[in-house]
Amino acid sequence: MAVILGVDTGGTYTDAVLMRDETEVLARAKALTTRHDLAVGVGAAVRSVLNEAGIAPGAVGMASLSTTLATNALVEGQGGRVALIYVGFRAQDLEAQGLADALKGDPVCLLKGGHRHDGTEAVPLDEIALLAFLETHKSKVSGFAVASQFATRNPAHELRAMELVHEVTGRPVSASHQLSAKLGGPKRALTAVLNARLIGMIDALIGRAEEELRVIGIEAPMMVVRGDGALMSSAQARARPIETILSGPAASIVGARWLTGADHALVSDIGGTTTDVAMLRDGRPEIDPDGARVGPYRTMVEAVAMRTTGLGGDSEVHFLSEGLVGGVSLGPRRVVPVSLLAHEAPDVVLPALEAQVRATTPGEHDGRFVRAVAGVGMDGLAERDAALLDRIGTGVHPLAAVLRTRMEMGALKRLVARGLVQVAALTPSDACHVLGELTAWNANAAHLACQLFGRRRTGSGDVLAYDPIVLAQRIVDQLRDQTAIALLEVALAQDGMDEGLAHHILMQKGLNGHAGAVRIATGLNVPVVGLGASAATYYPRVGVLMGTDMILPADAGVANAIGAVVGRVVVRRSGSVTAPSDGLFRVHLEGGPVDFAASDAALARLESVLRAQACEAAEAAGAAEIEVWVDRDIRTAKTEAREVFVEATLTVEATGRPRVARSQT
């Protein structure tokens with residue numbers, strides 16, 4: 001039989017499954033995700049699942065990994081410091097597509113250069129200015145992104161810039177034309193920036209995971225799930241980590257289909273950091289034609305049409321002081337649950353919480369703790385940030401004990417954004433410990449954290465909640481309500497309506513069955529497949545509120561890991577043919593444009609090149625028995641006398657199941 005290992009690293013848990021021939025789950029296991037070194041959690045989950053199945057490590061014929069790391073990093077604003085080399089664009093182009101926001105003040109080099117729409121050079125590349133920029137910033141960033149005007153029509157300037165980056169800095173570099181074949185310079189630049197920001201994180205995860213598997217005794221090749229649910233080799237994922245955004249959610253969609261056989265349903269996957277909602281139609285996940293959207297960013301990465309919201313079991317609980325009653329909201333930032341931190345460091349957390357409860361005056365940072373994350377790069381830290389990180393050291397501290405001035409809150413936020421520091425605070429996971437619905441961690445710490453949070457004063461001057469159980473129920477109800485809004489947004493978009501209607505007062509009253517002089521009913525007309533380790537805890541309430549069937553598969557908690565096993569290798573390569581003048585047909589290739597006198601010859605050349613590239617990449621990813629499909633989108637214009645060729649886009653798809661070594665076990 002073929003034994004395949006699937007692993008998913010989520011925000012809180014790392015899941016592992018062993019399957020036989022993609023048809024049967026042999027064993028499943030969980031371990032806590034270890035943020036300081038994700039491979040530790042991977043190793044713990046893998047050892048556990050091998051032990052449960054009674055299978056030797058050498059019997060595993062393939063390992064496949066799905067991860068929310070890239071998705072969570074973008075949602076939480078984490079990642080390395082990068083520099084953008086922007087060729088042929090104007091300064092105002094930095095404001096397009098949210099590019100300036102994504103850069104977050106990281107350095108930019110606006111260079112002369114770039115090409116025209118037809119692939120001819122517009123202005124020579126200013127190599128002197130580029131070399132000066134590289135010398136200045138080579139030790140201040142973790143990587144570079146390069147985007148040149150019309151690079152998808154001629155990538156010569158991007159290729160030359162990449163060459164110089166490698167020669168001068170030795171840092172990794174992401175080129176926009178290698179990530180997307182579509183036009184739209186600022187959006188390609190955004191994709192390249194995010195890719196460069198993620199390279200260090202994903203490279204470290206994959207490298208350490210492979211190393212850990214070898215220590216365990218698994219020599220099988222590793223695959224990684226892409227954002228569209230397909231599989232890619234670990235080497236490809238290291239070079240193009242942006243393609244792993246929505247990897248975990250995409251794997252969950254594939255897993256949901258395998259677990260339930262559902263053809264038409266909303267799939268909602270709740271993790272520690274995010275809730276991911278997508279539509280399953282005719283048994284297949286819908287692909288977003290505009291590119292993957294994660295948090296505030298719309299990229300050019302082909303991925304499932306997934307709505308990712310910063311809402312999960314470990315979302316930070318915020319106090320709403322507006323109005324007389326007050327309330328709570330959740331997310332989008334993930335924090336470490338206080339109950340989990342107390343489970344790991346009880347000697348620090350519990351005494352601090354008890355002292356805060358005894359204090360007659362509530363403190364601004366009550367119930368909040370901080371710890372550093374070991375093994376994360378510290379390049380480019382400001383003096384104030386470095387001083388705060390040094391003060392935190394290697395221990396766990398009450399937040400109030402390390403912050404000396406209000407100005408240091410900014411430094412703390414920057415350290416959290418860089419992934420150097422974790423904050424622990426009240427979360428829905430803590431609320432569930434108070435309600436007795438979860439028992440994995442320290443319930444006493446969760447109770448104290450709710451007691452501290454409930455002492456806050458509302459606009460009327462009253463205490464938010466005297467009873468920790470009352471506050472815990474309010475937090476869980478808030479998660480239910482925010483999940484309902486996320487589901488409604490996707491459903492409304494599917495129906496071609498304004499997703500903002502999900503927040504309308506009439507929609508909200510309809511969910512609660514308003515029946516006065518007017519009767520209002522709102523809900524979903526499709527079932528929901530609830531996935532995630534905590535789905536069984538939170539989602540029955542959501543199904544009741546939405547008035548729909550809530551399908552909770554037995555293996556909902558490891559759906560991502562199952563999806564990582566049952567996916568296929570899919571490689572797509574796209575290119576274009578344009579007609580710059582009558583009787584001239586230009587094929588835009590990696591090595592530069594090539595002209596033909598006939599459209600058929602140009603299309604044949606492009607198809608031949610794309611076929612070779614797609615098949616080569618599929619083979620490199622470990623695919624066997626490769627099948628190829630070709631899609632031709634040919635645009636023409638009618639004149640009075642004839643039909644004129646305008647432009648053609650060809651997409652070649654090569655697909656196959658990955659090779660798996662078969663065992664006699």
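In what follows, every heavy atom counts, from backbone to side chain, and hydrogens, waters and symmetry copies are set aside.
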query = So, do Met279 and His264 sit near enough that their side-chain heavy atoms are less than 4.5 Å apart?
reply = yes

message = Using modelled atom types and a 3.5 Å cut-off, is there a donor and acceptor pairing between side-chain atoms of Thr23 and backbone atoms of Arg20?
response = yes

ask   = Is Glu24 atom CD crowded by more than 12 heavy atoms from other residues, nucleotides or ligands, each under 6.0 Å away?
value = yes

Rounded distance [0.5 Å steps], OG1 in Thr309 versus CD in Glu489 = 6.0 Å

inquiry  = Using the rule given for side chain to side chain contact (heavy atoms under 4.5 Å, CB included), can you reason through Leu198 versus Ile245, listing the C-alpha separation, both sets of side-chain angles and the distance that settles it, and then say yes or no?
reply    = CA-CA 10 Å; Leu198 293 169; Ile245 61 172; 4.1 Å; yes

inquiry  = Main chain of Gly313, side chain of Ser429: is a donor-acceptor contact present, judged purely on distance under 3.5 Å?
reply    = yes

ask   = Under 3.5 Å, is there a donor-acceptor pair between the side chain of Arg240 and the main chain of Gln178?
value = yes

ask   = If every non-hydrogen atom of Ala220 is compared with every non-hydrogen atom of Ala63, which pair is closest and at what distance?
value = CB-N, 4.3 Å

inquiry  = Are Leu38 and Thr33 packed together at the side-chain level, in the sense that at least one heavy-atom pair is separated by less than 4.5 angstrom?
reply    = yes

key: Test side chain to side chain contact (heavy atoms under 4.5 Å, CB included) applied to Arg257 and Ile562, Leu280, Val529, the passing residue   = Leu280

task = Say whether, by atom type as modelled, one donor and one acceptor occur between the side chain of Lys182 and the main chain of Lys187 under 3.5 angstrom.
result = no

Pair Ser576-Thr649, side chain to side chain donor-acceptor pair (under 3.5 Å): steps then yes or no = CA-CA 4 Å; Ser576 60; Thr649 300; 5.8 Å; no

inquiry  = Restricting to salt bridge (charged side-chain N to carboxylate O under 4.0 Å, His left out), what partner residues turn up for Arg657, sequence neighbours left out?
reply    = Glu22

message = Contact between Val570 and Glu653 at the side-chain level, heavy atoms closer than 4.5 Å - yes or no?
response = yes

ask   = Knowing that exactly one of Val565, Ile4, Val569 qualifies, which makes a side chain to side chain contact (heavy atoms under 4.5 Å, CB included) with Met223?
value = Val569

query = Any Lys/Arg nitrogen of Arg659 or Glu619 sitting under 4.0 Å from an Asp/Glu carboxylate oxygen of the other?
reply = no

key: Flag side-chain contact, heavy atom, 4.5 Å: Tyr13 against Leu32   = yes

task = Report yes or no: does Ser247 contribute a side-chain atom to a donor-acceptor pair with the main-chain N or O of Val225 at less than 3.5 Å?
result = yes

request  = Compare every heavy atom of Ser233 with every heavy atom of Ala621, then report the nearest pair and how far apart it is.
outcome  = CA-CB, 3.6 Å

ask   = How many angstroms lie between atom CG of Leu650 and atom CG of Leu606, to the nearest 0.5 angstrom?
value = 5.0 Å

remark   = Distance col, row Leu266:CG vs Leu487:CG, nearest 0.5 angstrom, shows 6.0 Å

remark   = All heavy atoms of Val49 vs all of Ala29, minimum pair found to be N-CB, 3.7 Å

Short side-chain to backbone donor-acceptor contact, Thr427 and Pro337, under 3.5 Å = no

key: Donor-acceptor under 3.5 Å (Gln236 side chain, Ala617 main chain)   = yes

ask   = Hey, mind stepping through Leu610 and Gln613 against side chain to side chain contact (heavy atoms under 4.5 Å, CB included) and telling me if it holds?
value = CA-CA 5 Å; Leu610 295 177; Gln613 291 177 348; 3.8 Å; yes

message = Assess, by modelled atom type and distance only, whether the side chains of Tyr538 and Thr483 contain a donor and an acceptor separated by less than 3.5 Å.
response = no

query = Looking at side-chain heavy atoms only, is the closest gap between Ile242 and Met300 below 4.5 Å?
reply = no

inquiry  = Salt bridge or not between Arg160 and Glu163? Use side-chain N to carboxylate O under 4.0 Å.
reply    = yes

ask   = Distance-only, no hydrogens or angles: does the Thr34 side chain make a donor-acceptor pair with backbone N or O of Gly41 under 3.5 Å?
value = yes

remark   = Rounded to the nearest 0.5 angstrom, the CE-CG distance for Met306 and Asp269 is 7.5 Å

message = I want to check something: taking the side chain as every heavy atom from C-beta on, are Leu5 and Val46 in contact at a cut-off of under 4.5 Å?
response = yes

query = Does the Arg171 side chain pair with the main chain of Val141, one donor and one acceptor, at a distance under 3.5 Å?
reply = yes

key: Side-chain donor-acceptor contact under 3.5 Å, Thr191 with Thr299   = no

ask   = Any donor and acceptor pair, going by atom type alone, linking the side chain of Glu158 with main-chain N or O of Ser148 inside 3.5 Å?
value = yes

message = If you define the side chain from C-beta out and look only at heavy atoms, does anything of Val60 sit under 4.5 Å from Leu18?
response = yes

ask   = Which one of Glu590, Arg188, Arg153 satisfies the side chain to side chain donor-acceptor pair (under 3.5 Å) criterion with His177?
value = Glu590

request  = Under the side chain to side chain contact (heavy atoms under 4.5 Å, CB included) rule, what do Glu219 and Arg214 come out as? Steps first, then yes or no, please.
outcome  = CA-CA 6 Å; Glu219 299 292 339; Arg214 285 194 294 272; 4.0 Å; yes

ask   = Less than 4.5 Å apart, any side-chain heavy atom of Val571 and any of Ile626?
value = no

query = What's the shortest heavy-atom distance between Ser180 and Thr152, and which atoms?
reply = O-CG2, 3.4 Å

query = Just how far is it from atom CZ of Arg197 to atom OG of Ser142, taken to the nearest 0.5 Å?
reply = 8.0 Å

request  = List the steps, then state whether side chain to side chain contact (heavy atoms under 4.5 Å, CB included) holds for Glu211 with Arg208.
outcome  = CA-CA 5 Å; Glu211 181 182 293; Arg208 284 285 295 117; 2.8 Å; yes

key: Minimal non-hydrogen separation, Thr14 against Ala45, with atom names   = O-CB, 3.6 Å

note = Closest heavy-atom pair, Val42 versus Thr9, reported as atoms and distance to 0.1 Å, is CG2-CG2, 3.6 Å

task = Give, for atom CG of Leu213 and atom CD1 of Ile218, the distance between the pair rounded to the nearest 0.5 Å.
result = 5.0 Å

